[in-house]
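Given the structure is predicted, the values throughout are model-derived calculations rather than measurements.
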Amino acid sequence: MPKGPLDLGLVLGPLRRGPADPTFRATADGSVWRASRTPAGPGTLRVRAYGGEVLGEAWGPGAEWLLDRLPEWLGAADDPEAFVPRHRVVALARHRRPGLRLTRTGLVLESLIPSVLEQKVTTDEAYRAWRLLVRRFGERAPGPAGAAQRPMFVMPAPRTWALIPSWEWHRAGVDDKRASTILRAVRVAARLEQAVTMPAAEAQARLEVVPGIGPWTSAEVVQRSHGAADAVTVGDLHLPGIVGWALAGDRYADDAVMLRLLEPYAGQRHRAARLILLSGNVPARRAPKMPRVDIGLL
């Protein structure tokens, strides 16, 4: 397991897609639960920190696979000591969040599909679509999580995604463009999952071969599947302004300005961006929120 402080919420939190994500749960006893579709089959993982130790339990055909990779899920492959803060706001955030590590799940599709759903829509719309589709077409998580009063679910298998009728995508609020991207991806799921054996930049290039997957989506995937410390998200609506504000007082920064400001963190730009987001030093909202359009009602 990783040495030093470990904050389970910070490390595994990026895997959660909204407060009602059926594949992720954090409970009052400090446990984090995750239902995943592994190469060995569906599995449920429960992790909790207790008395300075980290305890993991797993159920289902994918249980052994999950437990074998638990150290990497908790950041054992990450090297936070390689990061050198260059700005006071970043240094303070790192000091206040010593348990931050970058997870490496070794799973591509489970991060790719929700990332595609988040393209060009509000997070609420994307979270709703993920929740509805996983509950409707996934399967109950193995073990006690799937038998609970509010059960957890494992996301659908690639073939199941491919067989979802067009009206069900529409009912979940997913437009044809995003649905088509997911359908193209699941047809080559095996090739995409092989990308976990590649360096992050090469994995991004493989993902971007699929029409509809660009730099924003591929970065969001490898940040989770690879624990990619340098995979900064470009093309985001808010991140450039947040980074620009925190590092230079420029709330109107674009991608080019953000990348220039993050140059001192080359090799660690994603970690720097996460620390900036955790600092809470964000500009006050001036523009209205992106309007929410539920195409399922059209």
Side-chain angles (χ1 to χ4, degrees), residues 1-78 80 97-115 127 130-158 160 193 196 220-221 223-227 274 278:
M1 292 296 173
K3 297 180 181 178
L6 183 67
D7 187 320
L8 291 179
L10 285 181
V11 177
L12 298 177
L15 305 181
R16 184 178 203 165
R17 306 295 181 143
D21 184 347
T23 71
F24 188 103
R25 185 165 298 162
T27 53
D29 64 355
S31 297
V32 174
W33 296 72
R34 174 68 169 178
S36 286
R37 184 169 296 281
T38 77
T44 305
L45 176 68
R46 179 197 184 200
V47 189
R48 64 188 178 116
Y50 182 78
E53 295 184 346
V54 177
L55 306 177
E57 300 174 87
W59 297 263
E64 184 176 354
W65 190 95
L66 288 167
L67 291 175
D68 285 346
R69 286 154 183 79
L70 179 56
E72 289 195 353
W73 278 51
L74 298 180
D78 185 31
R97 304 282 190 161
L100 172 65
R101 288 177 176 271
L102 303 181
T103 187
R104 177 187 172 95
T105 66
L107 298 170
V108 171
L109 217 62
E110 74 167 25
S111 291
L112 174 60
I113 291 175
S115 294
Y127 292 161
W130 173 248
R131 182 173 67 249
L132 292 178
L133 291 168
V134 170
R135 287 178 176 168
R136 177 77 174 85
F137 297 101
E139 58 192 272
R140 289 202 177 209
Q149 185 174 5
R150 187 165 63 94
M152 294 179 66
F153 288 82
V154 177
M155 79 166 194
T160 305
E193 292 292 357
V196 297
E220 289 289 310
V221 174
Q223 287 166 7
R224 296 165 172 83
S225 63
H226 288 64
R274 276 209 68 192
L278 290 170

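Under the rule for a side-chain contact (heavy atoms from CB on, under 4.5 Å), the partners of Ala77 that lie at least two apart in sequence or sit in another chain are Glu72, Arg104. For Arg34, the side-chain hydrogen bond (donor to acceptor under 3.5 Å, both in side chains) test picks out Thr23, Glu110, with sequence neighbours left out. Taking the salt bridge (Lys or Arg N to Asp or Glu O under 4.0 Å) definition, one finds that Arg37 meets it with Glu139, sequence neighbours left out. By the side-chain contact (heavy atoms from CB on, under 4.5 Å) test, Glu220 is found to be paired with Ser115, Trp216, Gln223, Arg224, Thr233, residues two or more places apart in sequence or in another chain being considered.
Within the structure, salt bridge (charged side-chain N to carboxylate O under 4.0 Å, His left out) contacts touching residues 6-18 (residues at least two apart or in different chains) are Arg17-Glu118. Residues in residues 57-66 take part in these side-chain hydrogen bond (donor to acceptor under 3.5 Å, both in side chains) pairs, two or more places apart or across chains: Arg46-Glu57.
The side-chain heavy atoms of Asp21 and Trp130, taken from C-beta on, include a pair separated by under 4.5 Å. Under the 4.5 Å side-chain criterion, counting only non-hydrogen atoms from C-beta, Arg131 is in contact with Pro22. Inter-residue side-chain proximity for Pro14 and Arg274 is flagged as met; some heavy-atom pair is nearer than 4.5 Å. Using a 4.5 Å heavy-atom threshold, the side chains of Trp33 and Pro144 count as touching. Counting heavy atoms from C-beta outward, Leu278 and Leu100 have side chains that approach closer than 4.5 Å.
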Working for side-chain contact (heavy atoms from CB on, under 4.5 Å), residues Val47 and Val54 | CA-CA 7 Å; Val47 189; Val54 177; 3.6 Å; yes
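Between the Ser225 side chain and the Val221 main chain, a donor and an acceptor come within less than 3.5 Å of each other. Thr105 places a side-chain N or O within 3.5 Å of a backbone atom of Leu107 that can act as its donor or acceptor partner. Under a 3.5 Å cut-off, the side chain of Arg140 and the backbone N or O of Gly146 do form a donor-acceptor pair. In this structure, the side chain of Thr103 engages the main chain of Trp73 through a donor-acceptor pair within 3.5 Å.
Of all the heavy atoms in Leu8 and Gly30, the pair that sits closest is CD1-O, 4.0 Å. Counting all heavy atoms, side chain and backbone alike, Pro142 lies closest to Gly60 at CB-CA, 3.5 Å. Considering all non-hydrogen atoms of both residues, Ala145 and Thr44 come closest at CB-CG2, 3.9 Å. Residues Gly43 and Leu66 share a closest heavy-atom pair of C-CD1, 3.6 Å. When all heavy atoms of Leu102 and Asp78 are compared, the closest pair comes out as N-OD2, 3.0 Å. Counting all heavy atoms, side chain and backbone alike, Pro61 lies closest to Gly41 at CB-CA, 4.2 Å.
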